[in-house]
Amino acid sequence: MSLATIGLATAALGIYAWTLAEQRAWNQDFQELASLQQQERDLTVAIETLQYELAEQAADPDRGLESAAPSRAIFVEPPAEIASGPMSVEPASDSSSSTLDELVPVTSPLGY
């Protein structure tokens, strides 16, 4: 009888200790979440403030900023070795001869 009582008391104390540890961990995680949410709000305010200030500065005629116009666009020609198109590497038949000599032009764009 006393052995069963000791076992039950030990189990109850173990469960109680585990519950306390879980509650403490949950509280720490919740505090970290609240802190991160506050940091996110602070960063959002800072970003919006900077965007507003930049918009105000851009609207100031004394800054000398001008709107973009297609007639003032600059186009740069690609270098000659790239002008033929994008390149890709074909897998080699044996792994010992994988060199850059196996580059072949790709017919479709890789992505933009």
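Residues take their numbers from the sequence shown, with the count starting at 1.
A donor-acceptor pair shorter than 3.5 Å cannot be found between the side chains of Tyr52 and Glu48. For the residue pair Gln38 and Asp42, a side-chain donor N or O sits within less than 3.5 Å of a side-chain acceptor on the partner.
In this structure, Arg41 places its CZ atom where more than 12 heavy-atom neighbours from other residues, nucleotides or ligands lie under 6.0 Å away. Heavy atoms of other residues, nucleotides or ligands lying less than 6.0 angstrom from CD of Glu32 number 12 at most. Remark: Gln51 CD is packed, more than 12 non-hydrogen atoms of other residues, nucleotides or ligands lying under 6.0 Å away. Other residues, nucleotides and ligands place no more than 12 heavy atoms under 6.0 Å from the CG atom of Leu3.
Checked against ring pair (Phe, Tyr, Trp, His ring centres under 6.0 Å), Trp26 has the following partners two or more places apart in sequence or in another chain: Phe30. Every salt bridge (charged side-chain N to carboxylate O under 4.0 Å, His left out) that Arg72 has, sequence neighbours left out, goes to Glu66.
The CG atom of Leu54 lies 11.0 Å from the OG1 atom of Thr49; values are rounded to the nearest 0.5 Å. Distance check: Ile15 CD1 to Leu20 CG gives 12.5 Å after rounding to the nearest 0.5 Å. A distance of 4.5 Å separates CG of Asn27 from CD of Gln23, quoted to the nearest 0.5 Å.
Residues Gln57 and Arg63 share a closest heavy-atom pair of O-CG, 3.2 Å.
Taking Ile, Leu, Val, Met, Phe, Trp and Tyr as hydrophobic and joining them when side-chain heavy atoms fall under 4.5 Å apart, one finds Ile6 isolated, its cluster having no other members.
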